[in-house]
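Input: a single structure, listed below in structure tokens.
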Amino acid sequence: MRTVRMLATAALAGAALLGLAAPGATADSPTPTADPGASAGPTEAGTTFRTAARFLPGQQATAQAATGDYLYWVFPADAGQRPTVNATVTLPDAALRHGPTTWRVDVYDGLRRRQPCMYGTQSRTAAKDTASVELACVLRPVRASADAWANDPLPGSYYVRLTVTGLPDEDLGQPFTARIGVTTLDKGGAYATDGSLAAPLVPGATTADQAEADADAGRPSAVEAAAPEDGWSSGWWSDRWIWTVAGGVLAALAGVGGYALTRGAGRAPRVPPAV
């Protein structure tokens with residue numbers, strides 16, 4: 001009976017540990033890093049990487065431009081997040097257009113490497129009478145670190161570029177309105193790595209000496225200015241630590257239970273001590 005009680009206790013303890021670990025490891029719903037009730041994003045877009053308009057995930061950035069312009073925005077993404085970029089283009093009146101137009105959204109990381117979309121409609125052609133076009137790009141989860149030769153997404157700034165890639169020449173210069181939004185999905189420890197970057201990949205990332213000089217002068221560093229609303233994570237913590245600890249405890253309990261089952265009942269009764 002004592003052995004049965006020990007195994008039952010071990011099973012209950014393991015179930016409790018797994019129950020504590022499960023919420024963090026199985027979270028699979030979008031978690032915007034900014035409050036949905038926060039203020040709207042920028043109302044203008046940049047025309048180059050250098051002039052990209054900054055906004056936070058959860059905000060909505062808008063811009064009015066002429067067909068044929070390149071529009072740029074930039075947002076931060078941290079380790080463990082999987083960003084989803086959504087773009088809506090409101091087209092000119094159908095009576096003013098001369099044919100279909102094709103629109104495309106691209107995403108680049110802090111090193112200006114184009115990041116492929118896992119899925120989503122990255123490019124779409126709108127018929128002459130279509131009022132708006134919706135585009136989407138789901139990026140790969142951001143890793144805390146990666147090999148130098150890899151093209152894995154890393155913590156830092158991410159640029160969104162929106163432009164028209166095909167249209168009748170007569171439609172160049174016609175006005176349109178663009179709306180850009182980003183949501184992030186927390187993928188947790190499934191994509192965690194053992195290392196971390198010295199600094200996130202942001203434009204103008206400074207050295208330690210320059211960062212110290214900025215702090216002495218009361219200026220935020222480039223890394224701090226480009227940080228998400230709750231700051232950059234260190235990259236070392238993830239929910240896989242919970243699973244590691246829970247697995248170790250379960251292994252120890254299994255060892256104790258196995259020993260209790262195999263050790264036997266001890267010395268038989270009425271056997272002389274010297275035998």
Side-chain angles (χ1 to χ4, degrees), residues 25 27-28 30-33 45-58 61 70-87 102-124 135-165 180-207 221-228 231-240:
D28 197 37
T31 54
T33 56
T47 55
T48 65
F49 283 103
R50 287 180 174 271
T51 61
R54 182 177 182 271
F55 71 102
L56 295 174
Y70 284 84
L71 303 184
Y72 290 83
W73 295 267
V74 61
F75 67 92
D78 209 350
Q81 296 178 346
R82 190 184 70 185
T84 297
V85 178
N86 295 284
T102 302
W103 295 82
R104 181 180 177 88
V105 62
D106 292 292
V107 183
Y108 300 81
D109 65 8
L111 298 178
R112 300 186 185 179
R113 304 175 301 179
R114 193 180 75 84
Q115 292 295 318
C117 302
M118 292 179 61
Y119 45 85
T121 307
Q122 188 176 3
S123 178
R124 176 170 285 175
L135 306 170
C137 177
V138 180
L139 298 175
R140 294 172 296 170
V142 178
R143 297 181 178 274
S145 65
D147 293 323
W149 49 263
N151 192 38
D152 293 334
L154 297 169
S157 298
Y158 282 79
Y159 296 91
V160 180
R161 185 180 73 180
L162 175 68
T163 189
V164 63
T165 59
I180 297 290
V182 174
T183 58
T184 58
L185 185 68
D186 186 7
K187 299 301 292 184
Y191 292 88
T193 58
D194 293 329
S196 61
L197 300 178
L201 301 179
V202 302
T206 58
T207 62
S221 66
V223 174
E224 294 173 339
W232 300 105
S233 66
S234 62
W236 70 270
W237 167 258
S238 69
D239 57 14
R240 67 175 180 167

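The heavy-atom pair separating V105 from V160 by the smallest distance is CG2-CG1, 3.6 Å. For T51 against T47, the heavy-atom pair with the smallest separation is OG1-N, 3.1 Å. Taking every heavy atom of both residues into account, P141 and P153 meet most closely at O-CG, 3.3 Å. For the pair D106 and Q122, the tightest heavy-atom approach, listed with the atom from each and the gap, is OD1-NE2, 2.9 Å. Nearest heavy atom pair, residue A45 against residue L71, reads CB-CB, 4.0 Å. Nearest heavy-atom pair, V202 versus G156, reported as atom, atom and distance to 0.1 Å: CG1-CA, 4.1 Å.
Atom OH in Y119 sits 6.5 Å away from atom OG1 in T84 (nearest 0.5 Å). Atom OG1 of T165 is separated from atom CH2 of W103 by 9.5 Å, given to the nearest 0.5 angstrom. Here CZ of R113 is found 7.5 Å from OH of Y158. Values are rounded to the nearest 0.5 Å. Between R112 atom CZ and R161 atom CZ the span is 11.5 Å, to the nearest 0.5 Å. Atom-to-atom distance recorded for Q115:CD and D152:CG is 8.0 Å, nearest 0.5 angstrom. In this structure, OG in S157 is found 8.5 Å from CG in L201, a value given to the nearest 0.5 Å.
A donor-acceptor pair is defined here as one N or O able to donate and one able to accept, closer than 3.5 Å; no such pair exists between the side chain of D147 and the backbone of W149. No donor-acceptor pair closer than 3.5 Å links the side chain of Q81 to the backbone N or O of D186.
Between S123 and T102, some side-chain heavy-atom pair lies under the 4.5 Å cut-off. Looking at P57 and P76, their side chains come closer than 4.5 Å, going by heavy atoms from C-beta outward.
Other residues, nucleotides and ligands contribute more than 12 heavy atoms inside 6.0 Å of the CZ atom of F49.
The one candidate from I180, V85, T184 that meets the side-chain contact (heavy atoms from CB on, under 4.5 Å) condition with F75 is V85.
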